[in-house]
Amino acid sequence: MADETRPTPTSTEMAPVAERAERADRGERRPGRGGPGGPGGRGEGGPGGRKYFRRKKVCKFCVEKIEAINYKDVRLLAQFVAESGKIVPRRLTGVCTPHQRRLSSAIKQARNIALLPFAGRAS
C-alpha cells in the first residue's frame, strides 16, 4: 500500500544520481573529498600537480634469498622491531607471510635470551 502512495521520482530529481554514476564511470570523485584531484596532496592537484605513486613492497628475505632467519642475528632482527619494542607488521615492512612468521618467532627467541628488548626506552 505504501508503494502506491509514494510519487515516482521525476527526471530532474534523478539528475544528481545520474551525474554521480557518470562521474563514477569516468573514475572521478566529488571535489573536496580527498581523492585524486582533492586536498591531501595525493592526486593531480590541478595544473603541475604530481600523481601519487606507491611502490609495491617486496619481501627482503625472498629478494636476498635468505633461507634461515637466525635469532642470533640481532642486526637483521632489529630492523623489524619498532622503537617501542613492538614487532613491525607485514603491511609496513613488505615481508611475505611465511617469512613474517619465522621472523616473529626469531624475535621472540632473541627477546627471551636478552638479545633484543621486550619494550622500548622509558621516557
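As a basis for the values below, the full set of heavy atoms in this structure was taken, side chains included, without hydrogen atoms, waters or symmetry mates.
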*Asks:* Name all residues meeting the side chain to side chain donor-acceptor pair (under 3.5 Å) criterion together with Gln79; count only those two or more places apart in sequence or in a different chain, and write none if there are none.
*Replies:* Lys60
*Asks:* Any side-chain hydrogen bond (donor to acceptor under 3.5 Å, both in side chains) pairs touching residues 61-70, not counting sequence neighbours?
*Replies:* none
*Asks:* Do Val81 and Val88 have side-chain heavy atoms sitting under 4.5 Å apart?
*Replies:*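 Side chain of Val81 against side chain of Val88, heavy atoms only: no contact under 4.5 Å found.
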*Asks:* What is the minimum heavy-atom distance between Ala106 and Tyr71, and which atoms define it?
*Replies:* O-CB, 3.5 Å
*Asks:* For Cys62, which residues count as a side chain to side chain contact (heavy atoms under 4.5 Å, CB included) partner, sequence neighbours excluded?
*Replies:*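 Here the qualifying residues are Cys59, Cys96, His99.
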*Asks:* Return each pair, listed once, that meets side-chain hydrogen bond (donor to acceptor under 3.5 Å, both in side chains) where at least one residue sits in residues 109-119; pairs must be two or more places apart or across chains.
*Replies:* none
*Asks:* Listed by chain and number, what are the side chain to side chain donor-acceptor pair (under 3.5 Å) partners of Arg90, not counting sequence neighbours?
*Replies:*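 Arg90 satisfies side chain to side chain donor-acceptor pair (under 3.5 Å) with Thr97 only.
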*Asks:* Excluding sequence neighbours, so at least two apart, what forms side chain to side chain donor-acceptor pair (under 3.5 Å) with Ser84?
*Replies:* none
*Asks:* About how many Å separate NZ of Lys108 and CZ of Phe118, when rounded to the nearest 0.5 Å?
*Replies:*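 These two atoms lie 10.5 Å from each other.
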*Asks:* Applying ring pair (Phe, Tyr, Trp, His ring centres under 6.0 Å), can you list everything that pairs with Phe80, at least two apart in sequence or on another chain?
*Replies:*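 Here the qualifying residues are Phe61.
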*Asks:* Just do the side chain to side chain contact (heavy atoms under 4.5 Å, CB included) check on Lys57 and Val95 with the steps written out, would you?
*Replies:* CA-CA 8 Å; Lys57 295 176 180 170; Val95 176; over 6 Å; no
*Asks:* Roughly how far apart are Ile87 CD1 and Ile107 CD1, rounded to 0.5 Å?
*Replies:* 4.5 Å
*Asks:* State which residues pass side chain to side chain contact (heavy atoms under 4.5 Å, CB included) with Pro89; sequence neighbours excluded, sorted by chain then number.
*Replies:* Arg91, Leu92
*Asks:* Who pairs with Val74 by side chain to side chain contact (heavy atoms under 4.5 Å, CB included), at least two apart in sequence or on another chain?
*Replies:*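 Side chain to side chain contact (heavy atoms under 4.5 Å, CB included) list for Val74, sorted by chain: Leu115, Leu116.
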